[in-house]
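First, the structure itself, so that you have it in front of you.
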Amino acid sequence: MLEDKILRSKEELGLMAKRVFLEAGDMDAYKPIRIKVDKDLKTFLEEIQMRDGIDKQFKIPGSSALNNLLIVRLEEIRPEGDDYECDLLVQFFAEKEDFKNLMELEEDIKQQTKDLKTDLEKIEFLNTFLTENIAYDKEHRSRSALAAAITHKGTCVAFAQLFLILGEAIGLKVGCINSKIMKHRWNYVIVEDEIYYIDTAFNASNPISPKLFFQTSPIHLEKAPDQGIAVPHGQ
C-alpha cells in the first residue's frame with residue numbers, strides 16, 4: 001500500500017501519480033501501486049479504463065509535461081468497507097530519464113514568455129520557437145513531444161503534442177485536432193471569442209511562410225473532412 005489515505009478526487013490522484021514519477025528510477029517506464037479510493041474516484045477509474053489512447057486523466061499542478069503524459073491504468077479493484085482498494089499501473093509513456101529535456105524546455109519557455117502580455121503574443125512566440133527549433137522528421141521516428149525535445153525534430157503528432165504541452169504550460173487554452181484520412185494532427189487555441197488554428201509541422205517545413213497555417217478559419221477542410229478534436233483544451 002502506497003499510503004493509507006483514501007483518495008477522493010482527480011486532483012489527489014494526479015498528485016499521487018506525480019509523486020510516483022518523481023520517486024521512480026531513471027530507467028523506469030512505469031510503476032505499480034496500491035491505493036485506496038472512494039466510490040466516486042473508483043467510478044472515474046473504471047470510466048477511463050474504457051477510453052482509447054492517451055487522455056488527460058487528472059490535473060497535475062506545475063508540470064504540463066506530466067499532466068499530459070502520465071497515465072494511470074486500473075489493474076484490479078476490490079471493495080474494502082465503504083471504499084475500495086485499487087491496484088494501479090502509473091505509466092510514464094517512456095523511461096523517466098527521457099522526460100528531462102522536455103521538462104527543462106517547459107521551464108525555459110515559461111521564463112521566456114513571462115513578460116508577454118497577451119495570449120496572441122504567446123501563440124506567435126510558440127509558433128516561431130517550434131518552426132525555428134524543431135525540424136520535420138521525414139523518417140517518422142520522432143513521434144512524440146519527448147522525442148522532439150531530445151532530437152529537435154518530429155512528426156506532426158510530435159509538433160502538435162509539443163505545442164499542446166508548452167502552450168498549456170504558459171496558460172493557453174490549447175487542444176489538438178486529428179484527421180485519420182489525412183493522417184495528420186495540428187492544434188487549436190481559444191483566445192477570448194476566437195479560435196486560432198495552427199499547424200506548426202506544416203509551418204516548419206513549407207518554404208512560403210512560417211505562419212502559413214496560423215489563422216482563425218479552420219484548415220485542411222478538403223484534405224481532412226473527418227477532422228475532429230483529439231485532445232480537448234484545458235480550462
Side-chain angles (χ1 to χ4, degrees), residues 10-11 13-22 54-72 90-94 96-134 142-178 185-192 194-201 203-204 210-211 214 229-235:
K10 290 185 286 185
E11 290 75 15
L13 181 65
L15 289 172
M16 180 63 67
K18 182 178 182 180
R19 172 182 158 188
V20 170
F21 173 84
L22 294 176
I54 295 174
D55 197 1
K56 295 180 187 178
Q57 299 180 348
F58 31 63
K59 182 67 176 177
I60 298 178
S63 177
S64 180
L66 297 185
N67 193 46
N68 281 278
L69 296 179
L70 292 191
I71 59 176
V72 169
V90 181
Q91 297 176 304
F92 305 162
F93 193 80
K96 180 183 174 181
E97 66 175 1
D98 291 337
F99 278 74
K100 180 180 178 182
N101 292 69
L102 180 57
M103 294 177 77
E104 289 179 350
L105 176 59
E106 179 180 336
E107 293 305 312
D108 184 48
I109 293 298
K110 288 178 183 178
Q111 288 299 311
Q112 291 190 57
T113 58
K114 65 181 181 180
D115 294 327
L116 298 183
K117 304 299 183 183
T118 68
D119 284 350
L120 187 55
E121 286 179 313
K122 294 177 182 179
I123 298 170
E124 291 177 338
F125 174 89
L126 279 186
N127 183 75
T128 300
F129 178 86
L130 292 181
T131 55
E132 291 183 353
N133 291 280
I134 307 294
S142 295
R143 300 181 180 182
S144 70
L146 291 173
I150 295 171
T151 66
H152 301 286
K153 57 184 179 180
T155 62
C156 62
V157 173
F159 270 93
Q161 190 179 60
L162 193 54
F163 191 98
L164 171 73
I165 289 172
L166 297 180
E168 283 191 352
I170 58 176
L172 296 176
K173 294 180 179 179
V174 53
C176 294
I177 297 174
N178 190 72
R185 182 169 288 203
W186 60 99
N187 298 99
Y188 72 93
V189 185
I190 297 178
V191 179
E192 295 181 352
E194 287 200 288
I195 301 176
Y196 285 82
Y197 299 90
I198 302 140
D199 190 335
T200 49
N203 290 344
K211 294 182 69 174
F214 186 124
I229 294 176
V231 182
H233 67 277
Q235 298 300 319

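Numbering starts at 1 and runs along the sequence shown. Just so it is clear, the model here is predicted, and its values are computed rather than measured.
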Using atom types as modelled and distance alone, determine if a side-chain donor or acceptor of N187 lies under 3.5 Å from a backbone N or O of G175.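 A pair under 3.5 Å: yes.
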To the nearest 0.5 Å, what is the distance between CG on L146 and CG on L105? 11.0 Å
Decide yes or no for Q91 and L70: does some side-chain heavy atom of the first lie under 4.5 Å from some side-chain heavy atom of the second? no
Smallest separation among heavy atoms of A145 and Q161, with atom names: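 Closest heavy-atom pair between A145 and Q161: N-OE1, 2.8 Å.
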Which heavy atom of A169 sits nearest to which heavy atom of K110, and what is that distance?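 Smallest interatomic distance, heavy atoms only, reads O-CE, 3.7 Å.
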Do you know the tightest heavy-atom contact between F99 and F92? CZ-O, 2.7 Å
Given side chains that start at C-beta, do those of I60 and L15 come closer than 4.5 Å, heavy atoms only? no
Any side-chain heavy atom of I198 within less than 4.5 Å of one from Y188? no
Donor-acceptor pair, K122 side chain versus K114 backbone, under 3.5 Å?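 The answer is no, because no donor-acceptor pair under 3.5 Å joins these two groups.
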Between T118 and E121, is there a donor-acceptor pair closer than 3.5 Å when you use the side chain of the first and the backbone of the second? yes
Working to the nearest 0.5 Å, report the span between OG1 of T131 and CZ of F163. 10.5 Å
Is a donor on one side and an acceptor on the other found under 3.5 Å between the side chain of K153 and the backbone of S142? no
Report the C-alpha distance between E168 and K173 in whole Å, list the side-chain angles of each, state the deciding distance to 0.1 Å, and finish with yes or no for salt bridge (charged side-chain N to carboxylate O under 4.0 Å, His left out). CA-CA 7 Å; E168 283 191 352; K173 294 180 179 179; over 6 Å; no
Close side-chain approach of I165 and L69, heavy atoms under 4.5 Å: yes
Distance in Å, N203 CG paired with N127 CG, rounded so as to fall on 0.5 Å steps: 5.0 Å
I'd like to know whether W186 forms a side chain to side chain contact (heavy atoms under 4.5 Å, CB included) with N178, so could you lay out the CA-CA distance, the side-chain angles of the two residues, the decisive distance to 0.1 Å, and finally the verdict. CA-CA 7 Å; W186 60 99; N178 190 72; over 6 Å; no
Should we say atom NZ of K100 is surrounded by more than 12 heavy atoms from elsewhere, each under 6.0 Å from it? no
Nearest atoms (heavy-atom pairs only) where S144 meets A158: O-CB, 3.4 Å
Taking the side chain as C-beta and beyond, is there a heavy-atom pair between L172 and Y196 under 4.5 Å? no
Gap between atom CD of E124 and atom CZ of F214 - 0.5 Å precision: 5.0 Å
How long is the straight-line distance from CG of D98 back to CD1 of I150, given to the nearest 0.5 Å?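 Separation between the atoms: 4.5 Å.
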Check whether E106 reaches the backbone of L102 with its side chain - one donor and one acceptor, N or O, closer than 3.5 Å. no
Once rounded to the nearest 0.5 Å, what's the spacing between atom CD1 of I190 and atom CG of D119? 11.0 Å
Where M103 and S63 come nearest, the two heavy atoms and their spacing: CE-OG, 4.0 Å
Return the minimal non-hydrogen interatomic distance between A148 and I134, and the atom names on each side.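 Taking every non-hydrogen atom into account, O-CD1, 3.8 Å.
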Do L164 and N68 make a side-chain contact, defined as non-hydrogen atoms from C-beta onward lying under 4.5 Å apart?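 Yes, at least one pair of side-chain atoms sits under 4.5 Å.
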Side chains of V174 and H233: does their closest heavy-atom pair fall under 4.5 Å?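 Of all side-chain heavy-atom pairs linking H233 with V174, none is under 4.5 Å.
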Measuring only between side-chain heavy atoms, which start at C-beta, is L126 closer than 4.5 Å to I109?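 With C-beta onward as the side chain, the pair touches.
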